[in-house]
Protein chains: 2
Amino acid sequence: MTLPPESGAAAPDGNGERPARPVPEATVSRLAVYLRVLGELREAGVETVSSEELAGASGVNSAKLRKDLSYLGSYGVRGVGYDVTSLQGRLQGELGMDHRQSVALVGVGNLGHALAGYTGFAGRGFPVSTLFDVDDDLVGSEINGIRVRHVREIPEVCAGGGVTIGMIATPGPAAQKVCDLLVAAGVQSILNFAPVLLTVPDDVEVRKVDLSVELQVLAFHVARRHTGAAAVTDKTNESVVS
Amino acid sequence: MTLPPESGAAAPDGNGERPARPVPEATVSRLAVYLRVLGELREAGVETVSSEELAGASGVNSAKLRKDLSYLGSYGVRGVGYDVTSLQGRLQGELGMDHRQSVALVGVGNLGHALAGYTGFAGRGFPVSTLFDVDDDLVGSEINGIRVRHVREIPEVCAGGGVTIGMIATPGPAAQKVCDLLVAAGVQSILNFAPVLLTVPDDVEVRKVDLSVELQVLAFHVARRHTGAAAVTDKTNESVVS
DNA sequence: CTTTGTGAACGGGTTCACAGCA
DNA sequence: TGCTGTGAACCCGTTCACAAAG
């Protein structure tokens with residue numbers, strides 16, 4: 001179809017594939033799921049998977065999975081399936097796991113403390129490298145081996161430390177101010193847990209996780225079941241965003 | 001997929017409005033956002049909002065907001081806007097906030113502990129009424145004033161206590177077992193924080209929050225910016241890249 | 001044969017633009 | 001006049017079904 005990418009492209013790796021670049025946003029989040037499943041399969045000693053198997057383990061149908069992978073080029077073998085290890089490598093590259101990612105977390109309250117201690121992040125290649133808070137009782141202490149710094153240090157620490165992703169877990173009223181600091185420090189990707197709408201420049205990407213919204217969607221379905229109403233238009237199953 | 005369509009239910013609803021029932025799933029999550037914003041407006045003493053204002057504060061455009069609200073019937077006044085209080089009431093009803101919602105949280109580890117202590121839930125009408133864990137050191141203790149019970153008590157406590165929503169914040173390997181217990185106890189709505197795909201009967205609704213996936217989507221955009229590639233197909237609100 | 005990769009059909013959600021009403 | 005409510009156009013993602021390839 002439309003091939004906007006400029007010429008040259010300087011073939012990053014020595015691979016002979018032509019990766020039709022424009023990956024749909026919806027596909028990106030699923031790639032992350034496939035990557036996790038591939039890791040489990042590899043762990044289990046599996047060397048090859050069919051689209052049917054990988055799709056099943058990921059909670060999607062096989063057509064969707066194949067379409068998703070097709071955006072990155074051809075990495076399967078017809079009549080056989082996909083090589084677990086090489087596909088894993090391909091996805092890691094596509095999802096930016098070959099760059100070093102460094103995460104800064106702002107707000108070490110209830111939720112922030114849990115996020116700081118969550119080992120799953122480091123395990124997936126997203127080590128939380130720095131913590132920030134405004135509370136002087138917290139500043140200077142360590143959580144999970146990571147020093148808590150004062151929010152005012154965000155500019156120097158983030159800019160100098162190569163922070164690529166910021167997580168905001170502050171109370172709502174503080175979120176925008178913190179966001180501005182992160183943006184000023186050059187952070188262009190932000191995961192926001194505060195229940196407010198952040199205003200950012202166009203070149204900054206914000207994703208929002210709103211747990212109350214998730215609960216309310218579930219409550220809606222509870223109520224609907226109870227009133228015996230007709231089914232809603234179903235399409236998306238799972239995940240969040242905003 | 002979804003359920004076998006309509007089953008009678010001859011609309012005994014004494015409401016004067018004709019609420020063209022089938023609310024799109026995408027709309028439901030936005031209704032929750034509008035509801036939060038309406039609460040803030042009311043708090044601030046605002047009595048009327050235009051679609052433009054409410055949309056702006058919610059991070060969507062006004063056409064989408066009006067379309068969303070139109071699924072619930074006409075609740076605005078042409079030339080004026082919406083009455084904050086009455087619209088709030090309408091949304092609360094639609095989102096099941098007039099039923100009493102009772103949330104059970106399973107897994108009081110890192111994340112679970114934070115969720116149990118998060119005051120935002122109760123504030124939004126989702127009081128966490130019960131906590132469960134397998135760890136005998138935790139069972140019997142209290143978090144945020146809520147007693148921690150043993151997982152094996154799920155059946156009786158949930159069935160008897162009218163739990164409508166279950167949250168799973170256990171390690172991955174335990175999630176499916178816990179899920180089965182909740183389902184057996186009659187819970188039909190589950191919010192899953194464990195990084196695994198849950199298998200449930202068709203009449204049970206599962207939503208998944210996968211923080212690692214969120215980070216990986218952000219990492220993808222970081223990587224793409226870095227390689228100067230073309231923009232992805234953007235659809236979801238907020239932020240684009242160039 | 002088996003399973004991938006993909007054009008084409010389909011469907012749902014967003015946006016547009018204007019009719020309708022206070 | 002100003003703003004809501006909504007049909008219709010548009011766009012994007014999902015699904016289908018089959019040709020291509022091992």
Side-chain angles (χ1 to χ4, degrees), chain A residues 1-4 16-20 22-31 34 47-56 58-84 86-87 90 230-239 241-242, chain B residues 1-2 17-31 33-34 47-56 58-84 86-87 90 231-238 240:
Chain A
M1 302 293 196
T2 25
L3 247 278
E17 287 299 338
R18 194 93 276 284
V23 183
E25 183 72 17
T27 292
V28 177
S29 26
R30 286 193 298 266
L31 292 181
Y34 305 151
E47 295 191 342
T48 302
V49 270
S50 67
S51 63
E52 198 69 53
E53 295 165 329
L54 182 50
S58 305
V60 303
N61 65 41
S62 63
K64 193 185 282 185
L65 175 123
R66 291 201 300 277
K67 177 73 87 178
D68 283 342
L69 295 184
S70 77
Y71 290 112
L72 331 176
S74 286
Y75 268 79
V77 180
R78 294 175 194 238
V80 178
Y82 301 87
D83 177 77
V84 172
S86 77
L87 183 56
R90 183 74 187 81
V232 295
T233 321
D234 198 344
K235 190 208 85 179
T236 341
N237 48 345
E238 309 220 353
S239 261
V241 200
S242 176
Chain B
M1 302 303 191
T2 359
E17 287 297 338
R18 194 89 277 283
R21 295 323 297 268
V23 183
E25 183 71 19
T27 292
V28 177
S29 24
R30 285 193 297 267
L31 292 181
V33 176
Y34 305 151
E47 295 191 342
T48 303
V49 270
S50 67
S51 63
E52 198 69 53
E53 295 165 331
L54 182 51
S58 305
V60 303
N61 65 42
S62 63
K64 193 184 285 186
L65 175 120
R66 290 199 302 276
K67 176 73 84 174
D68 284 341
L69 295 184
S70 77
Y71 291 112
L72 329 177
S74 286
Y75 269 80
V77 181
R78 298 178 192 235
V80 179
Y82 302 88
D83 178 77
V84 171
S86 77
L87 183 56
R90 184 72 188 82
V232 296
T233 321
D234 200 341
K235 187 210 82 180
T236 29
N237 55 340
E238 287 213 15
V240 202

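We name chains A, B, ... by the order of the sequence lines, and we start the count at 1 in each one. Being a predicted model, the structure only gives us computed values, none of them experimental.
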> Think B/Ser51 has a side-chain N or O under 4.0 angstrom from the OP1 or OP2 of D/dC3?
Replying inline: no
>> Tell me whether the side-chain N/O atoms of B/Asn61 come closer than 4.0 Å to OP1 or OP2 in C/dT15.
In response: yes
> Just how far, in rounded Å, is P of D/dT4 from CG of B/Leu87?
Replying inline: 11 Å
> Given C/dG5, is OP1 or OP2 found less than 4.0 Å from the side-chain N or O atoms of A/Ser74?
Replying inline: yes
> Under 4.0 Å between a side-chain N or O of B/Lys64 and OP1 or OP2 of C/dT15?
Replying inline: yes
> Which residue, A/Asp68 or A/Val80, contacts DNA chain D at a nucleotide closer to its 5' end, judged by nearest heavy atom?
Replying inline: A/Asp68
>> In whole Å, I'd like the distance from the OH atom of A/Tyr71 to the P atom of D/dG13.
In response: 7 Å
> Under 4.0 Å: is that the gap between some side-chain N or O of B/Arg66 and OP1 or OP2 of C/dC18?
Replying inline: no
> In whole Å, what is the span from the CG atom of B/Leu69 to the P atom of D/dC3?
Replying inline: 16 Å
>> Can a donor-acceptor pair be found, under 3.5 Å and without considering hydrogens, that links the side chain of A/Arg90 to the backbone of A/Leu72?
In response: yes
> B/Tyr75 and B/Leu69: side-chain contact (heavy atoms from CB on, under 4.5 Å), yes or no, with the steps?
Replying inline: CA-CA 8 Å; B/Tyr75 269 80; B/Leu69 295 184; over 6 Å; no
> Once you round it to whole Å, what is the distance between P of D/dT15 and CD of A/Glu52?
Replying inline: 13 Å
>> To the nearest 0.5 Å, what is the distance between CD on A/Glu53 and OH on A/Tyr82?
In response: 12.0 Å
> Could you give the CZ-to-P distance, from A/Arg30 to D/dG13, as a whole number of Å?
Replying inline: 9 Å
> Can you list the steps and then say if B/Val33 with B/Val60 is a side-chain contact (heavy atoms from CB on, under 4.5 Å)?
Replying inline: CA-CA 10 Å; B/Val33 176; B/Val60 303; over 6 Å; no
>> Quick check for you: to the nearest 0.5 Å, what is the distance between A/Leu65 atom CG and A/Tyr34 atom OH?
In response: 4.5 Å
> In whole angstrom, what separates A/Leu65's CG from D/dG13's P?
Replying inline: 17 Å
> Closest nucleotide of DNA chain D for A/Lys67 versus for A/Gly79: which of these residues is on the 5' side?
Replying inline: A/Lys67
>> Taking atom types as they are modelled, would you say the side chain of A/Arg78 forms a donor-acceptor pair with the base of C/dT3 within the 3.5 Å cutoff?
In response: no
> Hey, does the side chain of A/Tyr82 come within less than 4.0 Å of C/dG5's phosphate (OP1/OP2), counting only N and O?
Replying inline: yes
